[in-house]
**Student:** 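The structure's right below; bear with me while I get my questions together.
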Protein chains: 2
Amino acid sequence: MAFYSKEDLVVLLKEAGLRVTDHRLAILSSISRVRQPVTVYELVDTLRKKENIDQATIYRNLSSLHIAGLIRRLDFNHGHAHYELETGRVSHQLVCSNCETIEKIEGISIDDVIKKILKKSKKFKQTTTHSMEIYGLCKNCV
Amino acid sequence: MAFYSKEDLVVLLKEAGLRVTDHRLAILSSISRVRQPVTVYELVDTLRKKENIDQATIYRNLSSLHIAGLIRRLDFNHGHAHYELETGRVSHQLVCSNCETIEKIEGISIDDVIKKILKKSKKFKQTTTHSMEIYGLCKNCV
DNA sequence: TATTTGTTGCAAATAATTCGCATAATGTGT
DNA sequence: ACACATTATGCGAATTATTTGCAACAAATA
Ligand SMILES: [Mn+2]
Ligand SMILES: [Mn+2]
Ligand SMILES: [Zn+2]
Ligand SMILES: [Zn+2]
């Protein structure tokens, strides 16, 4: 969805203070090319053969990229994590409680809600990111 | 936080169409007695000795109770699930990106946001539950 | 280029969660 | 209370997801 050139990705990595490696570029590129938040399994499956990346490397890089704020880690109660690019745009997920269907909705800000929540908080003064998963049955599963 | 009598819990189980067993009562009671969303490990640790419940039983029951809508399953990127009672009250979580601190904020509805999101959706007509985790650094970790 | 420091592959280890199966307990209808 | 069908449980083993140790290797910097 977000199409980054290799040069863009290099800049992103450098700005984040991360070394630029082919593997990181391949992972970011792979994540950015799919519409749905991707699973580790899918990345391993795609990149192991093509780029000869080990799964430990993928896990380690996903962790680095996540900590650096370049990707988001999402949980849909599937028993495994999903990842998507951290675009800056707000993004929330509709998740089917029955099948693997998820639908990403972008562009609806909840900053005011978060502001209210922060006001009530005793332990937090500010926040960095958030994730919201909304569960229900998709059309096929109703 | 929500104090349920044993009789209340029995009613909850029956209404949900689940059999009433001592183990389920113990699990629900245990979850309802703590303020923070509880981990499976904590439940196993608490209930294995006292009630002699096997961990497989705990996992199976957490799944049933979750599917029946009696408990919520929460993910804080800790690598394990947390559970809390499904109270009907809205509940969102502030989660520290650095330590295990979480803070539950109740009473701030986001129904209107969800309505907007649903309006944009192509795959979902209605939803059942949602969960929102807001990440940042807690006071201790700033 | 030399040095430093972060990255990778490989194999093995952990951690979280699930399963198979025999036995026991629950709910329902006599 | 009794019998039956159905679901729950313990125990051990299996699966999955994710992490780690370590030696070899590559990126950044001067
Ligand atoms: Mn999935
Ligand atoms: Mn935790
Ligand atoms: Zn579905
Ligand atoms: Zn903290």
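Residue numbers begin at 1 in each chain, while the letters A, B, ... track the order of the sequences. The model shown is predicted, which means the values in this text are computed figures rather than measured ones.
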**Student:** Distance check needed: C:dT17 C1' versus B:Glu42 CD, whole Å only.
**Tutor:** 17 Å
**Student:** Are B:His82 and B:Phe76 near enough that their ring centres are under 6.0 Å apart?
**Tutor:**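 Ring-ring flag for B:His82/B:Phe76: true, centres closer than 6.0 Å.
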**Student:** For A:Asn77 and C:dA16, what is the distance between atoms CG and P respectively, to the nearest whole Å?
**Tutor:**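 Rounding to the nearest Å, CG of A:Asn77 and P of C:dA16 are 16 Å apart.
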**Student:** Under 4.0 Å between a side-chain N/O of B:Thr21 and OP1 or OP2 of D:dT7, yes or no?
**Tutor:**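 For D:dT7, OP1/OP2 do not have a side-chain N/O of B:Thr21 under 4.0 Å.
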**Student:** Can you tell me if A:Asp8 and A:Ser5 form a side-chain donor-acceptor pair at under 3.5 Å?
**Tutor:** yes
**Student:** How many Å lie between CD1 on B:Ile58 and P on C:dC19, as a whole number?
**Tutor:**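 For the pair B:Ile58 CD1 and C:dC19 P, the rounded distance is 17 Å.
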**Student:** Would you please say whether a donor-acceptor pair under 3.5 Å links the side chains of A:Glu106 and A:Ser91?
**Tutor:**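 Checked: A:Glu106/A:Ser91 side chains show no N/O donor-acceptor pair below 3.5 Å.
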**Student:** Spell out yes or no: do the side chain of A:Arg48 and the base of C:dG9 have one donor N/O and one acceptor N/O closer than 3.5 Å?
**Tutor:** no
**Student:** Does A:Asn61 have a side-chain nitrogen or oxygen under 4.0 Å from the phosphate oxygens OP1 or OP2 of C:dT8?
**Tutor:**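 Result: yes.
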**Student:** By nearest nucleotide on DNA chain C, pick out whichever of A:Glu51 and B:Gln55 is the more 5' one.
**Tutor:** A:Glu51
**Student:** Rounded to whole angstroms, how far apart are CG on A:Asp75 and P on C:dT17?
**Tutor:**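 For the pair A:Asp75 CG and C:dT17 P, the rounded distance is 10 Å.
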**Student:** With heavy-atom distances below 4.5 Å as the criterion, would you say the side chains of A:Glu84 and A:Gln93 are in contact?
**Tutor:**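 A side-chain contact under 4.5 Å exists here.
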**Student:** Kindly point out which of C:dT8, C:dT17, C:dC10 is positioned nearest to the side chain of A:Thr57?
**Tutor:**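 Nearest nucleotide to the side chain: C:dT8.
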**Student:** Check this one for me: any side-chain N or O of B:His23 less than 4.0 Å away from OP1 or OP2 of D:dG10?
**Tutor:**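 For B:His23, the contact criterion (side-chain N or O under 4.0 Å from OP1 or OP2 of D:dG10) is met.
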**Student:** Would you check, one step at a time, whether the test side-chain contact (heavy atoms from CB on, under 4.5 Å) holds for A:Leu137 with B:Thr127?
**Tutor:** CA-CA 7 Å; A:Leu137 294 176; B:Thr127 65; over 6 Å; no
**Student:** Side-chain N or O of B:Tyr59 versus OP1/OP2 of C:dT18: is the shortest distance under 4.0 Å?
**Tutor:** no
**Student:** Within residues 10-20 of chain A, which residues have any heavy atom lying less than 4.0 Å from an atom of DNA chain D?
**Tutor:** A:Arg19, A:Val20
**Student:** Rounding to a whole Å, what distance do you find between B:Ile27:CD1 and D:dA8:C1'?
**Tutor:**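 Whole-Å distance recorded here is 11 Å.
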**Student:** Given side chains that start at C-beta, do those of B:Val90 and B:His130 come closer than 4.5 Å, heavy atoms only?
**Tutor:**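 Side-chain contact under 4.5 Å: yes.
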**Student:** Could you give the CG-to-P distance, from B:Leu25 to C:dT26, as a whole number of Å?
**Tutor:**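 It is 10 Å, rounded to the nearest whole Å.
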**Student:** Separation of A:Tyr83 atom OH from D:dA17 atom C1', in whole Å?
**Tutor:** 11 Å
**Student:** Which nucleotide in the list C:dT18, C:dA11, D:dG10 gets nearest to the side chain of A:Ala56?
**Tutor:**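 The closest nucleotide is C:dA11.
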**Student:** May I have the distance from B:Asp45 (atom CG) to C:dA16 (atom C1'), rounded to whole angstrom?
**Tutor:** 16 Å
**Student:** With a 3.5 Å distance limit and no angle check, can you tell me whether B:Asp45 reaches the backbone of B:Tyr41 through a side-chain donor-acceptor pair?
**Tutor:**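 No, because the side chain of B:Asp45 does not come within donor-acceptor range (under 3.5 Å) of the backbone of B:Tyr41.
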**Student:** Given C:dC21, D:dT18, C:dT8, identify the nucleotide with an atom nearest to the side chain of A:Arg60.
**Tutor:** C:dT8
**Student:** Hey, are B:Glu51 and B:His23 close enough side-chain-wise for a donor-acceptor pair under 3.5 Å?
**Tutor:** no
**Student:** With sugar-phosphate meaning primed atoms plus P, OP1 and OP2, does B:Arg24 contact a base, only sugar-phosphate, or nothing at under 4.0 Å between heavy atoms?
**Tutor:**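 Sugar-phosphate, no base atom in range.
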